[in-house]
Each structure stands twice: as structure tokens, then as C-alpha cells.
There are 4 protein chains.
Amino acid sequence: MTTATGAVEADQDRKAPGRPRSARADEAIIEAVLDMLAEGTAFEALSIEAVAARAGVGKATIYRRWPNKEALLFDAVKTVKGEPAQMGGGSVREDIVALLAPAGHLEHSRAGQIMPCLLAEMQRSPELRHVYQRISEPRRDLMRTVLRRGIAEGTLRPDLDLDMVVALLFGPLIAQSLVHWSPDTAREDLIERLVTAVWPAIAATAPADGS
Amino acid sequence: MTTATGAVEADQDRKAPGRPRSARADEAIIEAVLDMLAEGTAFEALSIEAVAARAGVGKATIYRRWPNKEALLFDAVKTVKGEPAQMGGGSVREDIVALLAPAGHLEHSRAGQIMPCLLAEMQRSPELRHVYQRISEPRRDLMRTVLRRGIAEGTLRPDLDLDMVVALLFGPLIAQSLVHWSPDTAREDLIERLVTAVWPAIAATAPADGS
Amino acid sequence: MTTATGAVEADQDRKAPGRPRSARADEAIIEAVLDMLAEGTAFEALSIEAVAARAGVGKATIYRRWPNKEALLFDAVKTVKGEPAQMGGGSVREDIVALLAPAGHLEHSRAGQIMPCLLAEMQRSPELRHVYQRISEPRRDLMRTVLRRGIAEGTLRPDLDLDMVVALLFGPLIAQSLVHWSPDTAREDLIERLVTAVWPAIAATAPADGS
Amino acid sequence: MTTATGAVEADQDRKAPGRPRSARADEAIIEAVLDMLAEGTAFEALSIEAVAARAGVGKATIYRRWPNKEALLFDAVKTVKGEPAQMGGGSVREDIVALLAPAGHLEHSRAGQIMPCLLAEMQRSPELRHVYQRISEPRRDLMRTVLRRGIAEGTLRPDLDLDMVVALLFGPLIAQSLVHWSPDTAREDLIERLVTAVWPAIAATAPADGS
DNA sequence: CGTTAATCGAGACGGTACGTCCTGTCTTCGG
DNA sequence: CCGAAGACAGGACGTACCGTCTCGATTAACG
């Protein structure tokens with residue numbers, strides 16, 4: 001695949017003459033970027049020079065791989081995949097809670113620290129947005145699978161607007177992590193409250209109907 | 001009152017010796033900032049020098065009013081209040097849709113263009129976050145009022161977790177405006193789909209109906 | 001006067017709006033360059049960054065005045081005028097020796113330290129050569145005046161090729177200062193030996209003639 | 001013998017295991033340097049990378065032979081020997097003119113193009129100066145031989161300060177080639193004018209005549 | 001005749017200087 | 001005193017070169 005602004009990958013299988021690029025440098029650079037992002041480094045202070053210094057790398061080594069700062073950020077974010085958020089195979093409700101957990105505690109993971117920093121950039125860069133979507137899609141897909149299982153089991157209503165329910169579950173958590181509406185003390189059981197609030201809309205309680 | 005990072009206001013009522021500050025300059029600067037934000041100017045390109053040039057103003061005229069770039073942004077955002085989103089006094093469901101409308105079409109207003117740019121900054125600056133909350137609070141409060149009216153009318157369930165329902169309604173729209181999960185074609189009736197999906201969770205169980 | 005590559009002088013008499021350029025910065029920069037040249041700083045080590053650091057000046061302050069390193073050198077050299085080499089008004093021979101003295105001891109003055117560094121650049125830059133010529137011309141002219149006085153007094157031959165005699169007197173000293181042909185011990189009385197050697201060619205000894 | 005800054009020569013007669021150094025590379029490198037110098041390449045643009053590219057050689061191949069750029073220049077210059085400036089065995093004056101000719105037309109030969117570039121470096125590097133002296137010494141020696149022959153013939157004065165006369169003859173030409181004092185139109189018969197001007201100082205006083 | 005070892009072109013490595021641009025402060029004018 | 005204009009010290013940008021290093025591929029002489 002060819003990324004628009006990403007690293008210049010010599011993706012040919014042809015032999016590359018000359019000294020090969022150092023994998024250690026690649027890792028050190030990306031790690032330095034992610035660490036600085038996660039540390040809460042002000043976005044303007046995330047200078048290439050600082051990255052180079054922190055990674056123990058020359059500036060040219062960075063610019064040999066990425067044409068500019070934006071592209072470096074781009075690829076750094078691409079590497080933030082996070083764990084697929086295993087669900088224990090319990091009840092549908094338990095699985096939903098398990099899937100929401102990482103999104104509910106975004107501020108405690110490096111990925112969570114990083115995401116908000118990129119939102120502004122995403123507004124301008126469709127590519128960066130695509131990356132974000134690609135990262136979040138697997139979790140959303142997993143959620144859809146769980147919902148379909150619930151429908152099959154009869155636990156959930158069969159006429160669910162799947163995409164909207166997914167948005168209903170993730171959206172408030174994402175917004176909360178950005179805006180911090182609720183006081184911090186209430187955040188602990190936020191996911192539980194959220195699922196409880198949404199549950200009547202999705203559970204297959206026989207007679208009640210709203211549409 | 002002196003805000004932490006806000007404009008340095010000469011809040012004394014005492015006579016100000018010398019030439020008074022130009023109100024035209026104030027407006028021109030704020031307008032320049034908002035225009036550039038709304039135009040999709042890259043955040044890093046929103047330099048004080050560019051703002052000064054666009055406003056036809058000297059750099060010192062800006063720094064005399066705000067101590068730094070952040071404070072300028074801060075005050076610029078404060079002026080974006082937006083209209084309180086009038087609701088026609090119809091059914092509860094109609095009012096909810098009316099209140100969600102501006103948030104659902106964020107990308108078509110200047111305020112909507114500006115918001116995402118501030119989210120990243122908000123992560124670092126609690127003050128800026130406070131401003132955002134102050135701006136959004138009236139709308140959320142209005143929503144709570146409508147929900148309470150619905151409960152009183154018997155249209156909505158009396159045991160609603162009000163804050164969570166508000167989050168359930170606004171959160172997905174905010175997340176959507178930032179992440180653009182859904183394809184653009186589906187966005188038109190996004191609010192309708194959202195309310196429809198949420199409705200079973202909030203509508204009074206047995207007899208009442210909101211459509 | 002407008003120099004081709006020299007400093008961008010606002011030679012208009014019109015008022016210049018804004019803060020005027022700092023004369024202290026001008027001096028500090030030029031002095032730093034000349035000091036570093038005279039100290040025997042390797043030409044490649046004469047970096048703009050080093051000059052800025054030594055002058056206690058930002059790099060932009062240098063680049064605001066000169067477009068590049070070459071132009072800075074150019075103007076720095078222009079300021080090296082050296083003293084007009086006073087001659088005591090003694091005999092013609094004594095005056096000649098007095099005029100040659102600074103050229104004969106070039107390596108002991110800052111100007112002498114600087115000149116050789118510029119010769120290579122002069123080969124490419126006619127402008128720089130012009131500066132060198134402008135600096136050296138007064139001395140050469142003074143020498144011509146002395147020679148004409150000697151001719152008028154009858155001390156020197158009336159048919160002298162003035163320019164060539166000047167070249168005969170300065171040329172060997174210049175070449176010597178660059179190439180260091182003679183061992184250092186012989187340099188003390190070099191001027192005396194030179195004048196002694198040249199003297200028969202210019203003195204008005206009546207009968208001898210070579211042409 | 002190992003020169004301080006010169007090429008690292010494997011001066012042992014011992015067997016050299018492994019692949020021997022390519023003589024073609026040696027030549028190509030030196031030729032590339034001399035060509036670029038003669039082409040008027042700005043001295044700062046004479047980068048090792050450019051030399052390597054021009055010579056069709058890897059950078060390491062250069063650094064394996066010379067420790068740094070200076071040493072490469074050093075050896076490149078050493079190879080510029082120039083022809084010994086044949087003299088036709090005519091009169092002493094004719095021989096002098098013949099010996100001066102190459103120095104008088106320095107700017108038309110590659111050697112002449114190169115020399116000025118080295119003068120600046122010579123100021124720092126005694127070694128490089130030594131090379132220059134070694135190159136120029138044969139010509140100066142030849143001149144001394146001619147002068148001694150003139151003295152023996154009775155054409156020249158017997159009490160000449162030989163070294164000074166040599167300096168008197170070469171010095172002005174060298175200075176002229178660097179500084180370009182005289183206008184170009186006068187340069188054609190420069191040597192003739194020089195010898196004519198010097199002649200009275202060296203010709204035997206009474207009877208002899210050199211023209 | 002296969003081993004061995006230094007060479008070759010190529011190019012990545014950590015550094016450093018370049019010349020440009022922006023920040024936040026300052027210093028001059030004219031109003 | 002304010003306003004515009006713009007210079008100031010500082011520092012990051014992205015480029016180019018230095019001198020070193022590491023590749024796979026030669027290329028001889030030794031065994």
C-alpha cells in the first residue's frame with residue numbers, strides 16, 4: 001500500500017544497494033514521538049530537533065524517512081494499534097462493557113493520551129482521519145459482532161440500527177474524554193451508567209416499543 | 001476581574017491617561033483569528049504575525065492585549081456563543097431534535113469549523129476547556145430542561161439519568177463531527193436516526209409515544 | 001553608493017518606520033567577524049552561528065543586514081582601512097621605506113591576518129577584488145606621489161614606469177607574505193634589501209641606463 | 001615516508017593481502033578535484049560528495065586514501081607540476097622573459113586557476129605552503145641559474161642579491177595574478193615592462209646592455 | 001582451485017551549519 | 001499613552017555536507 005504522506009518505504013523486493021536503514025533508528029524515532037505525545041508535550045514543543053535528540057538520532061535520519069513533521073506524526077500514529085480489547089465471552093452486556101473499557105479509560109493509556117492531540121490535525125488532513133478510522137474500526141466492528149450475537153440470542157432487539165448503536169456507545173465516551181463534562185469522581189462507573197442508560201433502547205424487552 | 005490567561009483588561013474605572021485603546025483593533029484582531037480558524041488555516045499557520053497582518057494591526061497591539069497566542073485564542077473562542085438554538089415549543093421529541101440541530105450541522109457554521117481546532121489545545125489547557133464547557137453548558141442545560149418537561153408530561157421515563165442522556169444525545173454528534181465515521185450521505189438524517197435509536201431508552205414505557 | 005553584494009543600506013533620506021537598526025549590533029557583528037578572522041579561525045569555522053553567538057546577536061539580525069556569508073565578509077573587509085601609513089617627510093628613500101613598512105609587516109596587523117583569507121574568494125568575486133583594490137589603492141597612490149616627488153627633486157629617474165615601479169615595490173612583499181619564501185630570520189630587513197635592490201633601477205644615477 | 005596530511009600510502013614493500021587499491025580510482029579522484037578547481041568551482045562547493053560523484057567513486061574510497069578534505073587538496077596540488085618552462089638559450093634577458101612567461105599567464109592554465117584557491121588554505125597549513133614552495137622552487141632555481149650565468153657573462157652586476165632579484169621578478173607577477181591591479185589591456189606586455197623596469201637594477205653598470 | 005581478506009560503489013549514520021520563518025519583547029515614530 | 005511598523009534574541013524548520021559505518025559484490029594473491 002502506498003501512503004500519501006507517510007514514510008518513503010522502499011517497498012520493492014529489489015536489493016537495496018548501500019547500507020540498509022537501521023531498524024533501531026526507526027523504532028527510536030517513533031518511540032520518541034509517541035513518548036513525547038503521551039507525556040503531554042505541548043504540540044508546538046514536539047520539534048523534530050527534540051525528537052532527534054531524544055531518539056539519539058541525527059535530524060537527517062528522520063528527514064530521510066519522512067518528508068516533514070506531519071508525515072512523521074502520521075506514521076507514529078499508525079503504529080498505535082492498542083490491544084483488541086479481549087472480551088471474556090460472558091453475557092452480551094458484559095461483552096459490551098468489556099469492549100467499551102479501553103475507550104472509557106483513554107486517559108490512562110498512551111494511545112488515549114495521543115488521540116486528542118491529533119484531532120485538530122485530523123480536521124485538515126483526510127489522510128490522518130483515515131488512519132484514525134482504521135485504528136478505531138476494528139473495535140467498532142467487534143462491537144457490531146457482539147450486537148449481532150445479542151440479536152441472534154434474542155437478548156437484543158432485532159431491528160437495531162447497528163451503526164447508530166455503536167455511535168451511541170462510543171460517542172459519549174469519546175466526547176467525555178475530550179471535553180470532561182462530568183466531574184472526575186463520576187467517571188469510575190461511567191461505562192456502567194452509559195450501558196444502563198442505553199440498555200432499554202437495545203434490549204429485547206418484549207412489549208415496550210418507541211418507534 | 002483578571003482571567004488567568006485572558007486579555008489584560010484595564011478594569012479600573014479610573015480615568016485612563018493618554019490615547020484610549022481602539023475598539024476597531026480589538027474587533028479586527030478577533031475577527032481575523034476567527035476567520036482564519038474557520039477558513040481551515042492550519043493551526044500552526046495561525047501565527048500572530050499572520051493575524052496582525054490580516055487585521056491590519058501591529059504585533060505589539062496584539063501583545064498589549066493578550067500575553068500570548070493561547071490567551072488570544074482563548075478570548076476569540078469566548079466570543080463564539082452561537083444562538084441558543086430556539087425550539088418551537090412542539091412535542092418533546094421535536095424540541096430535542098431542534099436542540100441537536102446545530103450540533104448536528106457543526107461543519108456548516110463558523111463555530112463548527114473552529115471547535116475541532118480547539119480540542120487539541122483543550123487537552124493541555126484546563127482554562128480553555130473551561131471556556132468550551134461554559135459555551136456548551138447552556139445548550140446542555142436547555143436539553144435537561146426539555147427532558148424534565150418530558151418527564152413531567154409523562155412522555156419520558158421518570159428515572160432518567162439526565163446527564164447521561166444528554167451525553168447520549170450530544171456525544172455521538174460531537175464524535176461524528178470530529179471523526180466522520182459515517183459516510184457523508186447518511187449524515188442528513190443523522191439526528192433523526194440518533195433520536196430514534198435513543199428514544200426507546202428514554203420514552204415512558206407503556207402508553208406514551210413521542211412521534 | 002550601492003554595493004552589489006554588500007549590506008542592504010536604506011540609503012533613502014526618508015524616515016524609516018519602525019524600530020531603527022541597532023548600531024551596536026552592526027559593530028558587534030563586524031567586530032566578531034574581524035576578530036575571528038584575525039584569530040586565525042579556520043575559514044570553514046567562521047560560521048554565521050559562531051559570529052552571532054560571539055556578537056551576542058540573533059542569526060536573523062545578521063541575515064537582516066546581509067543576504068549571506070559572502071556579503072558579510074565583503075562588508076567586514078570593507079571596514080578594514082588601516083592607517084594611511086604616515087611618512088615623516090624625510091628623504092624619498094625614507095618615505096618609500098615608510099610606505100612599504102605596513103605591507104612588510106602584514107602578518108603582525110589584523111588587516112594583514114585577514115587579507116590572505118580573502119584571496120581565494122577574490123578569484124571568484126570581482127566585487128571582493130574591487131574592495132581589495134579600493135583598500136590598497138590609497139597606499140599605491142601615496143607611493144606614486146612620493147615617486148613623482150623624487151622625480152621632481154631629481155632624486156629619481158624621470159622616465160619611470162610609475163605603475164610598474166609600484167608593483168615592483170609592493171609585489172614582492174605581498175607575494176612574500178603569502179608564500180613565505182624567505183626564511184623568517186631574513187624578513188626583518190626585507191624592506192631594506194628590497195629597496196636596495198630596486199634602487200639602482202629608479203635612482204637618477206646619471207650615466208647608467210638599461211633601456 | 002609518511003607525510004603529515006598527505007595520502008596514507010602503504011609504503012611497505014610487504015605483500016598486501018586482499019584486493020589492491022584501484023589506480024583508476026586514484027586518478028579519477030585527483031582529476032575530478034583538479035577539474036573542479038580549474039572550472040572555477042566555488043571553493044565551498046568543492047565537497048567530497050561532489051568529488052566522489054564526479055569521479056564515479058564512493059566516498060569511502062576517498063576517505064580510505066586521504067584523512068580529510070585538506071589532505072586530498074594537498075595531494076591534488078602536488079600533482080600539478082607544470083612544465084619546467086623551457087628557455088631557448090638566447091640572451092640572458094630573453095631567458096628571463098621566457099622563465100617569467102608561465103607566471104605571467106597564470107590565468108590561462110589550469111595550474112594558474114588552481115593556485116589562488118590554495119593561497120588561503122596555505123595561510124593555515126604550513127604543509128600546504130611547503131608543497132607550493134616545492135613546486136615553485138625549481139622555477140626560482142632556474143632563474144637563479146640564469147642570473148648567475150648573466151653575472152658570469154658580465155651582462156649582470158656581480159653583487160646581485162640573487163634571492164631578492166628573483167622575488168623582484170616573480171613577486172609582481174604573482175601579486176598581479178591575484179589582485180589584478182592593472183587593467184587587462186596592459187597585461188599583454190606586462191612581462192616586458194617588468195623586465196625593462198628591473199633591468200637597470202641588475203644590468204652591469206657601464207658597458208653591458210641586454211636589449 | 002578454493003580461501004581469504006581488503007577493496008569497490010552505494011548509501012545510511014550522528015552531527016553541524018546553512019538560510020528562512022515565527023515568537024514574544026523592545027524601540028522608534030506619528031497621532 | 002496608543003498605534004503601526006519593524007528590529008531584537010532566540011529557536012525550529014528542512015537542506016546539504018562532513019567523516020564514519022555498513023552493506024553485497026568484486027578481485028587479487030595465498031595456500
Side-chain angles (χ1 to χ4, degrees), chain A residues 15-22 24-25 44-53 55-69, chain B residues 10 16-22 24-25 44-50 52-53 55-69, chain C residues 15-22 24-25 44-53 55-69, chain D residues 10 15-22 24-25 44-53 55-69:
Chain A
K15 55 159 185 181
R19 177 175 174 175
R21 298 233 172 125
S22 158
R24 282 183 64 258
E44 80 239 12
L46 202 150
S47 58
I48 294 279
E49 302 207 334
V51 172
V57 146
K59 267 206 298 178
T61 300
I62 296 181
Y63 282 108
R64 205 172 287 120
R65 290 162 162 78
W66 297 276
N68 49 49
K69 200 203 278 201
Chain B
R19 174 175 177 178
R21 293 215 178 141
S22 157
R24 284 183 61 258
E44 82 235 13
L46 201 148
S47 57
I48 294 282
E49 302 212 331
V57 143
K59 273 201 301 176
T61 301
I62 297 181
Y63 281 108
R64 204 173 289 119
R65 288 163 163 77
W66 294 277
N68 50 47
K69 200 201 279 197
Chain C
K15 53 156 187 180
R19 176 177 177 175
R21 300 232 172 127
S22 158
R24 283 183 61 258
E44 82 241 9
L46 201 150
S47 58
I48 294 278
E49 303 209 331
V51 171
V57 146
K59 268 204 300 177
T61 300
I62 296 181
Y63 282 109
R64 203 173 289 120
R65 290 163 162 77
W66 297 275
N68 50 48
K69 200 202 279 199
Chain D
K15 55 155 185 184
R19 177 176 175 176
R21 298 226 174 128
S22 157
R24 282 183 62 258
E44 82 237 9
L46 200 147
S47 58
I48 294 281
E49 301 210 331
V51 171
V57 145
K59 274 203 299 178
T61 302
I62 297 181
Y63 281 107
R64 204 173 287 120
R65 292 163 162 78
W66 295 276
N68 49 46
K69 201 201 277 197

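Lettering follows sequence order; numbering is per chain, from 1.
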Spatial distance of atom [atom1] ([X]) from atom [atom2] ([Y]) [nearest 0.5 Å]:
X: Ser22(C); Y: Arg64(C); atom1: OG; atom2: CZ; value: 10.5 Å
X: Arg21(A); Y: Arg65(A); atom1: CZ; atom2: CZ; value: 5.5 Å
X: Lys69(C); Y: Tyr63(C); atom1: NZ; atom2: OH; value: 8.0 Å
X: Asn68(C); Y: Ile48(C); atom1: CG; atom2: CD1; value: 8.0 Å

Would you kindly give the [atom1]-to-[atom2] distance between [X] and [N], to the nearest whole Å?
X: Ile48(C); N: dT16(E); atom1: CD1; atom2: P; value: 18 Å
X: Asn68(A); N: dT15(F); atom1: CG; atom2: C1'; value: 13 Å
X: Glu49(B); N: dA7(F); atom1: CD; atom2: C1'; value: 11 Å
X: Tyr63(C); N: dT20(E); atom1: OH; atom2: P; value: 7 Å
X: Arg24(C); N: dT27(E); atom1: CZ; atom2: C1'; value: 14 Å
X: Arg65(B); N: dA4(F); atom1: CZ; atom2: C1'; value: 12 Å
X: Arg64(D); N: dG9(E); atom1: CZ; atom2: P; value: 8 Å

Tell me whether the side-chain N or O atoms of [X] pair up with the base of [N] as donor and acceptor below 3.5 Å, since no angle test is needed here.
X: Lys69(C); N: dG19(E); result: no
X: Arg19(D); N: dA6(E); result: no
X: Lys59(D); N: dG11(E); result: no

Checklist entry - Which angle, rounded to 10°, do you find between the first-five-pair axis and the last-five-pair axis of the helix from dC1(E)-dG31(F) to dG31(E)-dC1(F)? => result 20°

Next on the checklist: Base, sugar-phosphate or nothing for Ala50(D)? Non-hydrogen atoms, less than 4.0 Å.
Outcome noted: nothing

Next on the checklist: Heavy-atom nearest nucleotide on DNA chain F for Pro17(C) versus Pro20(A): which residue maps closer to 5'?
Outcome noted: Pro17(C)

Checklist entry - Pick the nucleotide of DNA chain F nearest each of Gly18(A) and Ala55(C); which residue has the one closer to the 5' end? => result Ala55(C)

Checklist entry - Is Thr61(A) near enough to dA12(E) that one of its side-chain N or O atoms lies under 4.0 angstrom from OP1 or OP2? => result no

Checklist outcome for this item: On DNA chain E, more 5' by nearest nucleotide between Ile62(A) and Ser22(D) is Ser22(D)

Checklist entry - Given that Ala60(C) and Gly56(D) both sit by DNA chain E, which one's nearest nucleotide is further toward the 5' end? => result Gly56(D)

Item to check | Shortest non-hydrogen separation from Ala52(C) to Gly58(C) and the atoms involved | outcome: CB-C, 4.2 Å

